[in-house]
Amino acid sequence: MPHRPVLPHFPVTRKPGPGAEPAAVPAVPAHSAVVVGGGISGLIAARDLARRGFAVTLLEAGASVGGCVGTHSVAGLTLDSGAESFATRSRAVPDLIGELGLSDAVVQPNRVGAWLQLSGEDTAAAAQPMPQSGLLGIPADPRAPEIVRAIGRAGAARAALDRILPVGALARKESASLGEVVRARMGDAVLRRLVAPVVGGVYSSDPDVLDVDSVAPGLRAAIAKHGSLSAAVASMRAAAPAGSAVAGLAGGMGRLSSALEEDLAALGVKVDTGVTVEAVERDGDGWIVSAAGRTLSAHALVMATDGPTAVDLLAGTVPELAAARPGPGPGVALVTLVVDQPDLDAHPRGTGVLVAEDVEAVEAKALTHATAKWQWLADSTGPGTHVLRLSYGRALSAAAAAAAQAAQAAPGPVDREDADLFAQALTDASVLLQVPLGVDDVVGWDVVRWVGALPSAAVGHRDRVAAVRTAVDAVPGLEVVGAWLAGTGLAAVTADTRARVAGLAEQLEGL
Ligand SMILES: Cc1cc2nc3c(=O)[nH]c(=O)nc-3n(C[C@H](O)[C@H](O)[C@H](O)COP(=O)(O)OP(=O)(O)OC[C@H]3O[C@@H](n4cnc5c(N)ncnc54)[C@H](O)[C@@H]3O)c2cc1C
């Protein structure tokens, strides 16, 4: 796409003449905005500003928009390369989908749920359906039979102490990791065998790294209120809407990015891909954005990139952000296999498998059996052909990282060769699904790497987010959005971006 300056410098408003009907979108917009980053957050920001009459330019470094909500083609199938579902705990994503005319495409995943692979000499015997009554793997009832099966009688007895242990200092501590809270209340077995596999799958991270208040907002307050972690989990589960916790789109979540892109075109938003923004600076009451040898000026600037990029680009204008610069997120490699293997029609491990860290026979941290999870996909492959997605890589706790370094551990998953990851995925899928899969069964495969796309939510994250918000709020015409502030996941990103951008628009419209 050719690069050319697209925005007039501070366009003027054309005032409607006497008796004229106010136009829905001003012929000459009163305000202009540049959105940096074309992931879901940037797309939503651009759309909401354009709908309010702003002249908007969106600059995206990648070859296409969507960020983590993208697609790739494997064996002739268009598959999601990143996000493949959205949480239904709030109306944020369903409402957006409705506005884009996609409500009819919303689908529920197969209700059979996923499995949990625990360590054990007999891999098949050490697998069980994932207990579904918890929160991030934390059980609401540690004495339930499926929990006892997963953590053993001794582990369950320790976990049950949660009911009688005093709440103590945990609730009052300024910040704490998820691991710290679970270990203190329910012991190590719950942490390693139930919670770690779930957060490894969702956040590609270790519970000892994650800030409990960021990944489970309200949990510590609920512990203080109800007197135990299990009662807190039960109360939060009861408050969640009934039905499946996630939904998807027939055809894949990539349709959301495409629909947003189409809507931006209809709204007259300039979308430039392949443009990496190199600098942003204040210019009077507005902003100048530099990229690929050209500059754009605008009244408003929305930074919708990853955290480190946003902080670095704003370093000259909002230096206070430097102290809150997040660490790089974990690198993740996803290996997608499309296989012809009719034995998988029985969905031997439901919608997939979450893997405990100490399972030595398997390197993947999770496997999604996509054709078992999504009926629309099974319909498009037909019986006997299956889509499997295995994920590799998670952020380690400081202790685990030090141990890996001392042992001169092999390169991380993102640095491994494609062919190596492919061979590993075939081996892992065979073990996890208990169905032998060979190279001859594979009709297509692909490796997608996500580096830093899952933001780090390390301990203290909530406070760092608050510090960023305070610093950004003090700068007129600036908003910073995205998963690094809103929290990982489309529900969080959508709700937060819309609220933030509405605030920015109101601020400028009020001038
Ligand atoms: C593998 C994977 C699977 C996931 N699965 C799910 C799921 O099933 N359900 C769910 O709800 N969530 C899921 N998520 C999380 C969810 O996708 C993200 O939280 C969300 O999409 C983040 O959107 P964003 O706009 O904040 O960031 P991003 O999607 O990361 O977008 C940021 C954009 O900024 C661009 N950019 C960066 N620097 C510059 C620059 N200097 N100039 C211009 N552009 C720049 C990047 O190229 C990128 O496109 C998943 C994430 C990953 C990585």
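Each ligand, and each atom within it, is numbered from 1 in the order the structure gives.
Of the polar atoms of L490, at least one N or O is found under 3.5 Å from an N or O of ligand 1, judged by distance alone. The shortest N/O to N/O separation between A61 and ligand 1 falls below 3.5 Å. For ligand 1, the polar-atom distance check against L334 finds no nitrogen or oxygen pair separated by under 3.5 Å. Considering backbone and side-chain atoms together, S41 places an N or O closer than 3.5 Å to an N or O of ligand 1. Looking at E84 next to ligand 1, an N or O pair under 3.5 Å apart turns up. Inclusion of F86 in the set of residues having an N or O under 3.5 Å from an N or O of ligand 1 is not warranted. In terms of polar-atom proximity, A483 is counted as a contact of ligand 1, with an N or O under 3.5 Å from an N or O of the ligand. On a distance-only criterion, T305 and ligand 1 share no N/O pair closer than 3.5 Å.
Distance check: H299 NE2 to L49 CG gives 13.0 Å after rounding to the nearest 0.5 Å. Summarising the geometry, atom CG belonging to L337 is positioned 10.0 Å from atom CG belonging to D428; distances are rounded to the nearest 0.5 Å. Taken to the nearest 0.5 Å, the OG atom of S41 stands 11.5 Å off from the CZ atom of R498. Distance check, rounded to the nearest 0.5 Å: CG of L267 to CZ of R51 gives 7.5 Å. With rounding to the nearest 0.5 Å, the separation of CG in L210 from OH in Y203 is 7.5 Å.
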Would E262 and L264 satisfy side-chain contact (heavy atoms from CB on, under 4.5 Å), going step by step from the backbone distance to the final call? CA-CA 5 Å; E262 277 169 30; L264 293 191; over 6 Å; no

From CA spacing to verdict: side-chain contact (heavy atoms from CB on, under 4.5 Å), R282, L478: CA-CA 10 Å; R282 271 314 246 159; L478 173 66; over 6 Å; no

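Screening residues 60-83 for side chain to side chain donor-acceptor pair (under 3.5 Å) gives H72-D446 as the qualifying pairs, with residues at least two apart or on separate chains. The ring-ring contact (aromatic ring centres under 6.0 Å, His included) pairs that include a residue from residues 444-478 are F422-W445, where partners are two or more places apart or lie in different chains.
The closest protein non-hydrogen atom to atom 29 (O) of ligand 1 is C68 N, 2.9 Å. Distance from atom 18 (C) of ligand 1 to its nearest protein heavy atom, with residue and atom name: G489 N, 4.1 Å. Scanning the protein for heavy atoms near atom 35 (C) of ligand 1, the closest one is E60 OE1, 3.3 Å. Among protein heavy atoms, atom 51 (C) of ligand 1 sits closest to L454 CD2, 3.7 Å. Closest to atom 10 (C) of ligand 1, if we only count protein heavy atoms, is S85 O, 3.4 Å.
With a 4.0 Å heavy-atom cut-off, ligand 1 is reached by no atom of V448. Here A304 has backbone heavy atoms under 4.0 Å from ligand 1, and that is the only part of it that gets that close. If you look at T309 next to ligand 1, the close heavy atoms, those under 4.0 Å, all belong to the side chain. Contacts between V36 and ligand 1, counted as non-hydrogen atom pairs separated by less than 4.0 Å, involve the side chain only.
The closest approach between V275 and ligand 1 falls below 4.0 Å for a heavy atom of the residue.
Close contacts of ligand 1 with V69, meaning ligand atoms under 4.0 Å from a residue heavy atom, involve 21 (O). Those atoms of ligand 1 with a heavy atom of G39 less than 4.0 angstrom away are 25 (O), 29 (O), 31 (O), 33 (C), 49 (O).
The presence of a protein heavy atom under 4.0 Å from atom 5 (N) of ligand 1 is confirmed.
A side-chain N or O of Q424 and one of R416 form a donor-acceptor pair less than 3.5 Å apart.
Remark: side-chain polar atoms of S258 are paired, donor with acceptor, to backbone N or O of G254 under 3.5 angstrom.
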